[in-house]
Amino acid sequence: MDVILHCDANSFYASCEVVQRPELQGLPVSVGGDQEARHGIVLASTVEAKKYGVKTGMALWQARELCPRLIILKPDFRLYMEMSRRLRQMYQEYSPRVESYGLDECWLDLSEPGMTMTEGKHVADTLRERAKDELGLCLSVGVSFNKIFSKLGSDYQKPDATTVITQDNYKSIVWPLPVSDLMFVGPRTTLKLRQKMINTIGDLAATDANLLRGWFGKVGVMHYANANGLDRSPVMETGFESAIKSIGNSTTTPIDMLTCEDVKCVITLLSESVSTRLREAGLQGRCISLYLRDTDLKTVGCQITINHDTALCDDICKIAMDLFTHRGYQAMLPLRSAGVSVSTLRSTMTAVQLDLFGMTIRRDKLEHVERAVDDIRRRYGMQSVLRGNVMAQRAFSKINPYNDHVIHPVPWYAG
DNA sequence: TCTGGGGTCCTAGGACCC
DNA sequence: TCTGGGGTCCTAGGACCC
């Protein structure tokens, strides 16, 4: 029988902090993202903080208004990654197929001949006990016959609960829930569905699949299948990692970017981080994207595909700046946020064609220089080497996209 | 002074080639 | 010379996840 568990560590970031610092137990604690920028948000909160209405995604200043005593901590991703690793290690004792979904969620596939939902629930309860005893973390677990329903089950009751959704009871448990509870049904889709009088997952399940295809394309067909318990996407083998498709950094600056020089400074910093991360991953790419957000929060993105792969900061920065200047984005100044990313990636191991004009040699030299800088920065910190145009811009030079970025991959789209 | 940052996939239109 | 179909690549934008 197919038995799939979805384990969700409740308030993961905040809980990790409390585990490490027991004196915070019982106090309202939140972990805040990006406190240096103006619009830091709440990444996670303890139960005590939630009592005041503090929620994930809320601006930090709003959270402080709701709860003046709120203790706001800087995120410590090293700690979260370590706790995440220990959790996964525990899960792996129960299944050879443990698929991570972010740092705090996993699917476990217990399917095998003779397996039952009852046994699945037993494993779920055991995991919750062990997580509490051995790691100090609280889990909510969904047990079901597919990934979508097990995920829904782990959201159904929290914190610290197991929910079992079977072929026999899903119509009574799942169908009365609002459509927005279904994975991949976000705010926009919910709104569109509501306008068509489709409010519950049951309503969605009863809607003609072709109608949904007409409204939402192939994603609509996926919604139909998910609502009807027809999802059969596999839980990936432990250790499976999907290929990286893009590497990028973006940042909301401490003060608005007012001039082209400001923008250049920020784009330089972003490009340096992206370039270093590409080298670390052994990747290079040929599609360079620029993203900008102005003070009205209007965002635009543009991209260009060049005729060679690159991981050079020099290239990435120059091309991103070309996009900025040659497409009239100066008109968007002042800017609040900017991003640079590289996609259409290839492994550096893949052989490159040598050109006849010495370009390859020149690029090799540049790469040597950039690698040397990587090395110095690894040893003495990111600020140990700064470009001239960056050093000149005091307000932006302390932005550190490389250190701030969160390793938090969320692959898999059931489409 | 109102949602940060890092990703993935899908779609539609245009360009270009056969 | 004109027309149509099909495939692929590129770009912008939308939607979703944690």
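Side chains included, hydrogens not; waters and symmetry mates left out as well; all remaining heavy atoms used. Since we're looking at a predicted model, the values are computed, not measured. Here is how names work: the chains are called A, B, and so on, in the same order as the sequence lines, proteins then strands, and each is numbered from 1.
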So Asp125(A) and Lys121(A), salt bridge (Lys or Arg N to Asp or Glu O under 4.0 Å) or not? Walk me through it. CA-CA 6 Å; Asp125(A) 291 337; Lys121(A) 181 181 184 316; 2.8 Å; yes
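Sorted by first and then second residue, the salt bridge (charged side-chain N to carboxylate O under 4.0 Å, His left out) pairs with a member in residues 315-324 of chain A read Asp315(A)-Arg363(A), Lys318(A)-Asp322(A); sequence neighbours excluded.
Salt-bridge annotation for Arg86(A) and Glu134(A): absent, with no side-chain N of the basic residue lying under 4.0 Å from a carboxylate O of the acidic one. Salt bridge Glu82(A)/Arg85(A): present, at least one basic N to carboxylate O contact under 4.0 Å.
Note: OH (Tyr291(A)) to C1' (dG5(B)) measures 9 Å, nearest angstrom. Per the geometry, CE belonging to Met222(A) stands 10 Å off P belonging to dC16(C), to the nearest Å. Lys147(A) places its NZ atom 19 Å from the P atom of dC16(C), with the value rounded to the nearest Å. Rounding to whole angstrom units, CG of residue Asp296(A) and C1' of dT1(B) are separated by 13 Å. Rounded to whole Å, atom P of dG5(B) lies 13 Å from atom NZ of Lys74(A). Between the OH atom of Tyr101(A) and the P atom of dC18(C) there is a distance of 5 Å, given to the nearest Å.
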Taking N or O atoms only and anything under 3.5 Å, show me the protein contacts with nucleotides 11-13 of chain B, one pair per line.
unit_1, atom_1, unit_2, atom_2, d
dT11(B), OP1, Lys218(A), N, 3.0

With 3.5 Å as the limit, what N/O pairs link the protein to nucleotides 6-10 of chain C?
unit_1, atom_1, unit_2, atom_2, d
dC10(C), OP1, Arg286(A), NH2, 3.2

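Evaluation of the side chain to side chain contact (heavy atoms under 4.5 Å, CB included) rule for Asp208(A) yields Asn210(A), Leu211(A) as partners, not counting sequence neighbours.
Put simply, the side chain of Thr238(A) gets close to the backbone of Pro96(A): a donor and an acceptor are under 3.5 Å apart.
OP1 or OP2 of dG4(B) has at least one side-chain nitrogen or oxygen of Arg293(A) nearer than 4.0 Å. At the phosphate of dG5(B), OP1 or OP2 sits under 4.0 Å from a side-chain N or O atom of Thr251(A).
Non-hydrogen atoms lying under 4.0 Å from DNA chain C are contributed by Pro187(A), Arg188(A), Thr189(A), all within residues 187-204 of chain A.
Contact annotation for Lys55(A): no contact, since no heavy-atom pair falls under 4.0 Å across all strands. Residue Gln62(A) is in base contact, counting any heavy-atom pair closer than 4.0 Å across all strands shown.
A gap of 16 Å separates the C1' atoms of dA15(C) and dT3(B), to the nearest Å.
By the 4.5 Å heavy-atom criterion applied to side chains, Met83(A) and Gln20(A) are not counted as neighbours.
Other residues, nucleotides and ligands contribute more than 12 heavy atoms inside 6.0 Å of the NZ atom of Lys50(A).
In this model, no donor atom of one side chain and acceptor atom of the other lie less than 3.5 Å apart for Ser144(A) and Ser150(A).
Within the cation-pi definition used here (under 6.0 Å to the ring centroid, within 45° of the axis), Lys196(A) qualifies as a partner of Trp215(A).
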Map every base of DNA chain C to its dot-bracket character, where paired means a Watson-Crick or G-U wobble contact with both distances under 3.5 Å and | marks a partner outside the strand. ....||||||||||||||
